[in-house]
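Below you'll find the structure, written out as structure tokens, and then a few comments.
Side-chain atoms are counted along with the backbone in the values below, which use heavy atoms only and exclude waters and symmetry mates. Read the numbers this way: they start at 1 and go in the same order the structure lists the ligands and their atoms.
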Amino acid sequence: MAGGPGGATTEEREVVSVSGLSHAYASSGRTLLVLSELRLQVRAGSYIALTGDSGEGKSTLLALLGGLQRAQGGELIVAGQDLRRLPSQQMARFRSRTIGFVFQHHCLVESLTALENVGLAALINGLSRREALARARALLAQVGLLERAGHLPGRLSGGERQRVAVARAMVNRPALILADEPTGNLDERNAQRVMDLIEQLRHEYGATLLVVTHDSSLASRAATTLRLREGRLEAA
Ligand SMILES: Nc1ncnc2c1ncn2[C@@H]1O[C@H](COP(=O)(O)OP(=O)(O)OP(=O)(O)O)[C@@H](O)[C@H]1O
Ligand SMILES: [Mg+2]
């Protein structure tokens, strides 16, 4: 499907093309099969919510799609890259260029200011210091935090920290945003605000969004909701 001559159109339309994906963890001598022959096709520009009971493998799936973990079986093509065959040295570059991660915990560097946290992600992606800081400043303005740019994460509220994390996720204009319960630690009002920002920036940059959430009202914002159950995805 992807790769050879003539495959380009498919790759352009499908930002995620996964088939036969299996993944197991070994724990205390036993094997726990989490994903089993999973299939997922995501068209560029789509907005998908992913639900499922705790422990069904939602975070594992996101980690595999984003190249944070290596898949053990199946085919996994993300933004035209065959992740099963991508050498390790290129995986970090793939993540930095292509994926915007937002986790439940903000994962900001505590010793860096909001501006530096966002700018660092752009620097790692190869932008000059000047460009990186300019982009970081623009994004902080978009999430309404320009006046907090010089604050360390410890001096920001939970909602503000998560907005910085959203700005950081978007600074390299990723093709795919992978958000794992991005509002899980926030109250209703902040949850709505963070989701609004993710949606607004995704729209602006034309990114595809896959968001894991236990909150049915947030899931209902997505065009499609999929449920992970017994290692596979089904319509919710
Ligand atoms: N590194 C690991 N080693 C062993 N088992 C693991 C590891 N990571 C996850 N698991 C197990 O794999 C299963 C799926 O975990 P995962 O975190 O993907 O689930 P989840 O759907 O994201 O759950 P939650 O909704 O609670 O976040 C769980 O049973 C978990 O205990
Ligand atoms: Mg999880």
Side-chain angles (χ1 to χ4, degrees), residues 15-42 46-78 83-84 86 88 91-92 94-95 98-108 158-159 161-163 165-166 168-169 174 176-188 190-192 194-195 198-199 202 207-222 224-236:
V15 71
V16 172
S17 177
V18 166
S19 59
L21 180 65
S22 296
H23 197 79
Y25 291 110
S27 63
S28 46
R30 299 231 308 259
T31 304
L32 175 72
L33 185 64
V34 178
L35 305 178
S36 169
E37 296 289 316
L38 181 141
R39 217 186 99 80
L40 174 64
Q41 303 285 324
V42 181
S46 8
Y47 179 0
I48 295 177
L50 186 60
T51 66
D53 290 343
S54 178
E56 287 284 343
K58 303 176 299 296
S59 295
T60 301
L61 177 59
L62 255 54
L64 296 174
L65 292 174
L68 291 171
Q69 282 184 47
R70 286 272 180 187
Q72 291 156 352
E75 191 178 66
L76 185 73
I77 295 165
V78 178
L83 295 193
R84 300 269 337 271
L86 197 66
S88 300
M91 197 62 114
F94 159 81
R95 282 198 301 268
T98 314
I99 309 290
F101 291 104
V102 187
F103 299 101
Q104 181 167 358
H105 179 73
H106 56 79
C107 303
L108 299 172
R161 283 196 285 264
Q162 204 58 340
R163 277 149 60 200
V166 168
R168 179 186 54 184
L176 178 62
I177 305 163
L178 297 174
D180 196 349
E181 300 187 49
T183 62
N185 286 338
L186 303 178
D187 61 40
E188 172 73 20
N190 276 300
Q192 298 288 350
V194 162
M195 252 352 270
I198 293 175
E199 287 176 16
R202 157 196 117 78
T208 304
L209 173 59
L210 232 161
V211 57
V212 171
T213 180
H214 286 290
D215 181 332
S216 54
S217 85
L218 288 183
S220 69
R221 290 169 163 231
T224 309
T225 302
L226 298 174
R227 184 178 171 81
L228 188 53
R229 199 164 153 263
E230 293 176 359
R232 296 184 193 189
L233 289 167
E234 53 189 40

Short question: side chain of [X], backbone of [Y] - any donor-acceptor pair under 3.5 Å?
{"X": "Ser19", "Y": "Arg39", "answer": "no"}
{"X": "Asn185", "Y": "Gln104", "answer": "yes"}
{"X": "Glu75", "Y": "Gly20", "answer": "no"}
{"X": "Lys58", "Y": "Leu50", "answer": "no"}
{"X": "Arg168", "Y": "His106", "answer": "yes"}
{"X": "Gln72", "Y": "Ala24", "answer": "yes"}

Query raised in the report: What part of Thr60 sits under 4.0 Å from ligand 1 if we count only heavy atoms: the side chain, the backbone, both or neither?
Result: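 For Thr60, the contact with ligand 1 is made by both the backbone and the side chain.
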
Query raised in the report: Of the backbone atoms (N, CA, C, O) and the side-chain heavy atoms from C-beta on, which set of Leu32 has a member under 4.0 Å from an atom of ligand 1: side chain, backbone, both, or neither?
Result: side chain

Query raised in the report: Hey, does Gly57 sit under 4.0 Å from ligand 1 if you only count heavy atoms?
Result: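 Contact check Gly57 vs ligand 1: positive.
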
Query raised in the report: If waters are left out, how many protein N/O/S atoms lie within less than 2.8 Å of the Mg ion (ligand 2)?
Result: 1

Report task. Please work out which of the three classes, parallel, tilted or perpendicular, describes the rings of Phe103 and Phe101, given edges at 30° and 60°. Result -> parallel

Which atoms of ligand 1 sit under 4.0 Å from any heavy atom of [X]?
{"X": "Val34", "result": "12 (O), 13 (C), 14 (C)"}
{"X": "Glu181", "result": "25 (O), 27 (O)"}
{"X": "His214", "result": "25 (O)"}

Query raised in the report: Do any non-hydrogen protein atoms sit less than 4.0 Å from atom 30 (C) of ligand 1?
Result: no

Report task. Run through Thr51, Thr213, Val194 and flag the one making a side-chain contact (heavy atoms from CB on, under 4.5 Å) with Leu218. Result -> Thr213

Requested in this report: Starting from atom 2 (C) of ligand 1, find the nearest protein heavy-atom neighbour and note its residue, name and distance.
Outcome: Tyr25 CD2, 3.4 Å

Query raised in the report: Can you tell me the protein heavy atom closest to atom 17 (O) of ligand 1 and the distance?
Result: Ser59 CB, 3.7 Å

**Report entry** Beyond-backbone contact of Leu210 with Leu65, side-chain heavy atoms, under 4.5 angstrom
**Finding:** yes

**Report entry** salt_bridge(Asp53, Arg229) N-O dist < 4.0 Å
**Finding:**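 Judged by the 4.0 Å cut-off on N to carboxylate O distance, Asp53 and Arg229 do not form a salt bridge.
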
Query raised in the report: Quick check: are there more than 12 heavy atoms from other residues, nucleotides or ligands sitting under 6.0 Å from CZ of Arg70?
Result: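 Yes, CZ of Arg70 has more than 12 neighbouring heavy atoms, counting only those of other groups under 6.0 Å.
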
Query raised in the report: Relative to atom 28 (C) of ligand 1, which among Ala24, Gly55, Ser54, Ser28 owns the nearest non-hydrogen atom?
Result: Gly55

Query raised in the report: Any idea which of Gln69, Gln104, Lys58, His23 brings a heavy atom closest to atom 20 (P) of ligand 1?
Result: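 Shortest heavy-atom distance from atom 20 (P) of ligand 1: Lys58.
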
